Amino acid sequence: MRFDVITLFPEMVLQAAQVGVTGKAIENAIVALNVWNPRDYTHDKHKTVDDRPFGGGQGMVMKYQPLHDAVMALKVDAKPDCKVVYLSPQGKPLTQALLHEASELSQLILVAGRYEGLDERFLQRDCDEEWSLGDYVISGGELAALIVIDGITRLLPNVLGNKKSALQDSHSDGLLDYPQYTRPEVIDSQAVPDVLLSGNHSEIARWRMKQALGRTWQKRPDLLNKKTLSAEQESLLVQFKEVD
Ligand code: 9D3
């Protein structure tokens, strides 16, 4: 999959993407990441990418022309199923389902804004979609682009190893994770739950499902309301509410 990020801070995106899972995927050529700076598409002496908003008000707005020319330069050799996504507080809230859908594309162009936003006509004429991280304010679209790239990359074949992603899909889809423990067995008299040391794998799986259901019920009841539980899951959740 190919990612192209249009940004005034290309180094921020490139550097952060070099670590961890995304870095490995780039090394292994599962992912290609390119960055494009609107400043390189200006023609004036001062390389102006922003201007004052019509109608007044504080802050600056990113100009149409450098953004448009950057997208046009990119679209010359774009894949047919390529999408242009503007990251902004007004966008559709990002979800795992949205990432899943996008992971089927062969190319994604991500536009990271700065200042108060960009000229509305760029959105209307050049962008296919607008995505948001959620209802809070950050300073620009670069971190949002990195989150999108990270979230999609770990869904691609041969990135995490298919075993792990398949496991996550079938087993805890739509639920919070169960608690995890590693050595030592006891910390200041707090022991690891016995069942995890029992070697009984079906009991362990049942305990983990019960914990995942229980924690989701406690911490994110909104997620549980969206799910239909199997008879076994209903019974495990009842058990959790009784004792845990
Ligand atoms: C909503 C705040 N705006 C009030 C006038 C100003 C403003 C602040 C910060 C406009 C844009 C930004 C930059 N934010 C992003 O680029 C951004 C973002 C976000 O702030 N929240 C959630 N998701 C995203 S995706 C890109």
Side-chain angles (χ1 to χ4, degrees), residues 1-22 31 33-42 47-75 82-105 107-156 220 222-223 226:
M1 179 158 185
R2 173 174 167 178
F3 295 104
D4 294 279
V5 183
I6 299 178
T7 169
L8 292 172
F9 298 104
E11 291 309 317
M12 175 180 177
V13 174
L14 279 181
Q15 281 197 25
Q18 298 313 308
V19 302
V21 166
T22 50
V31 157
L33 174 60
N34 302 298
V35 289
W36 309 84
N37 194 337
R39 216 172 279 287
D40 297 335
Y41 296 87
T42 56
K47 305 190 181 228
T48 312
V49 291
D50 62 332
D51 204 343
R52 289 149 53 218
F54 279 124
Q58 62 126 56
M60 299 292 271
V61 174
M62 289 180 78
K63 290 170 68 64
Y64 174 76
Q65 177 270 317
L67 286 168
H68 174 72
D69 288 359
V71 169
M72 283 302 129
L74 251 163
K75 279 187 171 170
C82 174
K83 258 193 184 153
V84 181
V85 174
Y86 171 45
L87 300 156
S88 97
Q90 285 75 46
K92 184 194 289 184
L94 200 61
T95 60
Q96 191 63 24
L98 198 56
L99 293 178
H100 249 289
E101 253 178 65
S103 73
E104 315 274 299
L105 300 172
Q107 185 178 10
L108 194 59
I109 299 175
L110 298 166
V111 182
R114 282 275 154 172
Y115 316 114
E116 297 303 301
L118 42 73
D119 191 302
E120 186 68 15
R121 291 163 295 186
F122 176 74
L123 220 162
Q124 293 168 339
R125 297 161 65 96
D126 298 272
C127 299
D128 300 304
E129 298 198 20
E130 193 178 11
W131 296 352
S132 165
L133 293 185
D135 295 336
Y136 48 88
V137 181
I138 57 174
S139 306
E142 286 77 13
L143 288 172
L146 284 161
I147 284 171
V148 168
I149 291 167
D150 185 291
I152 291 175
T153 298
R154 58 201 303 293
L155 294 173
L156 298 176
R220 292 292 305 278
D222 57 311
L223 294 181
K226 281 193 275 188

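Any value given below was found using the heavy atoms of this structure, including those in side chains, with hydrogens, waters and symmetry copies removed. Everything quoted here is computed from the prediction, not taken from an experiment. Every number for a ligand or one of its atoms is a count from 1 in the order of the listing.
Shortest contact from atom 17 (C) of ligand 1 to any protein heavy atom: Pro89 CD, 3.9 Å. Nearest protein heavy-atom neighbour of atom 9 (C) of ligand 1: Ile138 O, 3.1 Å. Protein heavy atom nearest atom 3 (N) of ligand 1, with residue, atom name and distance: Glu116 OE1, 4.4 Å. From the protein, the heavy atom lying nearest to atom 23 (N) of ligand 1 is Leu133 N, 2.9 Å. Of the protein's non-hydrogen atoms, Tyr136 O, 2.7 Å is the one closest to atom 21 (N) of ligand 1. Closest to atom 1 (C) of ligand 1, if we only count protein heavy atoms, is Val137 CG2, 4.1 Å.
Listed by number with element, the atoms of ligand 1 under 4.0 Å from a non-hydrogen atom of Ser132 are 22 (C), 23 (N). Interface of Gly134 with ligand 1, defined as ligand atoms under 4.0 Å from a residue heavy atom, comprises 21 (N), 22 (C). For ligand 1, the atoms sitting less than 4.0 Å from at least one non-hydrogen atom of Leu87 are 25 (S), 26 (C), numbered in the order shown with element in parentheses.
For ligand 1, the polar-atom distance check finds no N/O of Ala144 at less than 3.5 Å from any of the ligand's N/O atoms. At a 3.5 angstrom cut-off on N or O pairs, Gly141 counts as close to ligand 1. Residue Trp131 has no N or O atom closer than 3.5 Å to an N or O atom of ligand 1.
No side-chain heavy atom of Asn34 sits under 4.5 Å from any side-chain heavy atom of Leu74. For the pair Pro89 and Val137, the minimum side-chain heavy-atom distance is 4.5 Å or more.
The nearest pair of heavy atoms linking Gln65 to Tyr41 is NE2-O, 2.9 Å. What you find for Arg121 and Asp119 is that their closest heavy atoms are NH2-OD2, 2.7 Å.
Thr42 places a side-chain N or O within 3.5 Å of a backbone atom of Arg39 that can act as its donor or acceptor partner. Using modelled atom types, one side-chain atom of Thr22 and one backbone atom of Ala17 make a donor-acceptor pair closer than 3.5 Å. Side chain of Ser132 to backbone of Gly134: a donor-acceptor contact under 3.5 angstrom is found.
Tyr64 is linked by a ring-ring contact (aromatic ring centres under 6.0 Å, His included) to His68, counting only residues two or more places apart in sequence or in another chain.
Residue-level proximity to ligand 1 for Ser88 is carried by the backbone, the only part with a heavy atom below 4.0 angstrom.
When each of Leu110, Val35, Leu143 is paired with Val13, the side-chain contact (heavy atoms from CB on, under 4.5 Å) condition holds for Val35 and for no other.
Using a 4.0 Å cutoff on heavy atoms, Gly117 does not count as a contact of ligand 1.
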